[in-house]
*Asks:* 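Encoded as structure tokens, here's the structure I'll be asking about.
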Amino acid sequence: LGAALRIQAAVPATGCCVCRNWISTTPRLDYIQRRTRLRVVDNSELGRRAMEAGKPPRVMHVYGKKLKAATGDMVMVAILGQKRRGFIVGARRPEGPLRPQFDSNNLVLLNDEGQPLGNRILAPVPSFLRANRNPKLDYTKLLAIATKFV
Amino acid sequence: MPPAPSAAAGSCALSLGSRFLFGCRVTAAHRFAASPVQPPSPLHQQPHLQPCRQGRRWLRPELRGVYKPRLSPEAMKEFWRLSGIGPDHSRAKAADQQAEVPPEIKRLYQEALPPIVSQDYRDPIVESLHRAEMMRRRRVINIPEFHVGSILAVSVMDKHAPNKVNRFVGLCILRRHTGLFTTFTLRNMVDQVCVQIEYELYSPSIVSIQLLKLERRLDDNLLYLMDAPHSHCTIPFDMVPEPYSRNDPVPVNRERVRLNPPPWMCKWHLHGYQGIDLEHLYSYLSDKDVAKAIEFSKAYKRYDLLDQYLNRVPVPDADYAFKDIFIQHQELLQHQQQQQ
């Protein structure tokens with residue numbers, strides 16, 4: 001096997017997941033829907049405890065009469081046995097030009113009034129969220145506690 | 001105030017009566033009557049009515065027969081001159097007679113190559129227009145030469161940002177598409193979180209593209225960095241640009257990245273990446289997967305003529321594209337000198 005490992009790939013590297021080689025590769029399963037686990041990126045006590053315990057929040061419901069959530073959507077999550085609202089500030093799914101794509105699906109926890117539980121967001125937040133366009137939620141306070149916009 | 005209708009358009013008595021019988025389609029030929037663009041031959045000066053099933057909306061007589069160009073004739077002429085495919089085809093002829101272009105053009109204008117699609121979906125006029133638009137954009141903004149593996153700083157217009165400009169620094173991991181819709185993706189770690197942003201190279205929203213480090217890697221994309229330690233794509237936002245010389249060959253970074261343990265986002269072992277440490281990669285895989293990876297890397301593909309035919313740009317088309325770009329590149333240099 002040692003000699004085999006030293007074979008250099010003679011074909012030009014195409015490398016993309018969606019490529020012309022017709023290799024059967026499943027695309028990335030990167031939609032945010034029910035049962036999706038998210039990463040809490042604020043400094044709330046509940047979020048910190050959940051991430052440290054290895055029990056990230058799971059999406060229970062996506063607000064807005066749709067099945068898939070993306071950056072800028074409000075979701076209901078189950079976290080440490082509680083139901084909480086959350087706001088998605090970053091997604092793995094690419095959204096097109098000039099919109100950042102993150103390596104994890106980032107969530108900010110909210111209380112029932114729609115105010116953030118923590119007082120700082122530790123991950124960069126996409127700049128297009130500053131348009132404040134969610135019809136279900138006014139997240140101005142959330143933008144105020146963001147530390148960095150990307 | 002609309003120009004007065006010509007006698008030819010005014011004498012459409014037949015149309016007034018016959019619109020009640022059936023719909024009439026007035027062909028475009030008679031619309032030249034009152035326009036600055038002259039009709040091609042005298043036969044077209046009479047209005048020509050064709051019966052058609054759908055009746056046209058009835059226009060007021062003073063609006064009928066009037067062709068209103070969106071651009072003034074001078075602007076139109078300037079557009080045809082810059083696009084090079086106007087009636088005199090001057091640039092197309094010059095491109096046919098052009099000798100071999102210098103290699104720096106192929107480095108600087110990689111996106112000028114026509115797309116790799118079947119001939120049914122390729123239109124040389126569209127490609128020529130795209131090239132003209134690309135060069136027009138390059139008069140406004142300086143787009144440097146960069147490859148996958150280079151480090152760039154991009155500023156885009158952002159109405160929500162305090163300075164109305166949003167700057168991002170990152171490593172270029174991907175360059176996709178051709179022509180006017182070329183995109184590139186930058187990756188960086190910001191506050192312990194990795195971010196990837198895709199930019200359209202010729203988007204008017206981009207204020208500036210600054211090259212911080214010119215470099216190439218062993219692969220044509222670095223998507224595997226998503227499963228690599230974050231140290232490989234951490235670039236400081238205040239990085240100082242490194243000087244480079246146009247005449248030197250592009251330095252190649254031959255580092256081999258060690259990926260994180262699986263699960264991975266993609267089956268990296270099946271795509272022939274050179275920039276991954278393969279021994280380290282195969283140590284995570286079962287024997288069956290390693291055999292599959294080695295089977296993939298066998299050299300049988302070089303004998304697949306249809307694969308080569310489908311996945312390469314035809315050489316005459318590539319040559320013509322670069323020659324066309326080279327002529328416009330020289331015009332661009334003259335334009336830049338005049339600006340100074």
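Letters A, B, ... mirror the listed sequences (proteins, then strands); counts begin at 1.
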*Asks:* Between CG of Leu98(A) and CD1 of Ile206(B), what distance do you get to the nearest 0.5 Å?
*Replies:*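 Those atoms lie 6.5 Å apart.
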*Asks:* Give me the atom names and distance for the closest heavy-atom approach of Asp191(B) to Leu122(A).
*Replies:*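 Smallest heavy-atom distance, with atoms named: CB-O, 3.7 Å.
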*Asks:* Between Ala293(B) and chain A, with a heavy-atom cut-off of 4.5 Å, which part of the residue counts as in contact: side chain, backbone, both or neither?
*Replies:*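 Neither part.
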*Asks:* Taking atom CD of Gln101(A) and atom CD1 of Ile197(B), what is their separation to the nearest 0.5 Å?
*Replies:*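 Spacing of CD (Gln101(A)) from CD1 (Ile197(B)) equals 10.0 Å.
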*Asks:* Determine, stepwise, if the pair His160(B) / Asn132(A) fulfils side-chain contact (heavy atoms from CB on, under 4.5 Å).
*Replies:* CA-CA 10 Å; His160(B) 303 295; Asn132(A) 209 337; over 6 Å; no
*Asks:* On a heavy-atom basis, which atom in Ala161(B) and which in Arg130(A) lie closest, and how many Å separate them?
*Replies:*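 It is CA-NH2, 3.8 Å.
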*Asks:* What I'd like to find out is whether the side chain of Asp103(A) reaches to under 4.5 Å of the side chain of Val193(B), using heavy atoms alone.
*Replies:*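 No, side chains not in contact.
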*Asks:* Do Met265(B) and Arg92(A) have side chains that approach each other closer than 4.5 Å (heavy atoms only, starting at C-beta)?
*Replies:*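 When only atoms from C-beta onward are counted, Arg92(A) and Met265(B) do touch, with a gap below 4.5 Å.
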*Asks:* Counting only heavy atoms not in Arg34(A), do more than 12 fall under 6.0 Å of its CZ?
*Replies:*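 Count not over threshold, so no.
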*Asks:* Which answer fits Thr185(B), side chain, backbone, both or neither, if we ask what part of it has an atom under 4.5 Å from a heavy atom of chain A?
*Replies:*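 When you check distances to chain A, no heavy atom of Thr185(B) falls under 4.5 Å.
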*Asks:* Step through the shown structure and confirm whether more than 12 heavy atoms of other residues, nucleotides or ligands are within 6.0 Å of CD on Gln192(B).
*Replies:*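 It does not: Gln192(B) CD has 12 such atoms or fewer within range.
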*Asks:* Are there over 12 heavy-atom neighbours, none belonging to Arg48(A), within less than 6.0 Å of that residue's CZ?
*Replies:*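 Atom CZ in Arg48(A) is crowded, with more than 12 foreign heavy atoms closer than 6.0 Å.
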*Asks:* Chain A heavy atoms under 4.5 Å from Val156(B): which part of the residue, side chain, backbone, both or neither?
*Replies:*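 Only the side chain of Val156(B) comes within 4.5 Å of chain A.
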*Asks:* Looking only at heavy atoms, what is the nearest atom pair of Pro124(A) and Val190(B), with distance?
*Replies:*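 Reported closest heavy-atom pair: CD-O, 3.4 Å.
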*Asks:* May I ask you to name which of Ala131(A), Pro126(A), Ser104(A) has the most heavy-atom pairs under 4.5 Å with chain B?
*Replies:*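 Most pairs with chain B among the choices: Ala131(A).
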*Asks:* Please confirm whether Lys148(A) makes a cation-pi placement over Phe237(B), using NZ or CZ under 6.0 Å from the six-membered ring centre and within 45° of the ring normal.
*Replies:*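 Yes, Lys148(A) and Phe237(B) form such a contact.
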*Asks:* Does a sphere of radius 6.0 Å around CZ in Arg49(A) hold more than 12 heavy atoms from other residues, nucleotides or ligands, not counting ones at 6.0 Å or beyond?
*Replies:*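 Yes, the 6.0 Å shell around CZ holds more than 12 heavy atoms from other groups.
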*Asks:* How many angstroms lie between CG in Asp158(B) and CZ in Phe128(A), if you round to the nearest 0.5 Å?
*Replies:*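 Answer for the CG-CZ pair, Asp158(B) versus Phe128(A), is 11.0 Å.
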*Asks:* Just checking Arg136(B): does its CZ atom have more than 12 heavy atoms from other residues, nucleotides or ligands closer to it than 6.0 angstrom?
*Replies:*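 No.
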*Asks:* For Arg167(B), is it the side chain, the backbone, both, or neither that has a heavy atom closer than 4.5 Å to a heavy atom of chain A?
*Replies:*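 For Arg167(B), neither part sits under 4.5 Å from chain A.
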*Asks:* So for Asn106(A), is it side chain, backbone, both, or neither that comes closer than 4.5 Å to the heavy atoms of chain B?
*Replies:*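 The side chain, not the backbone.
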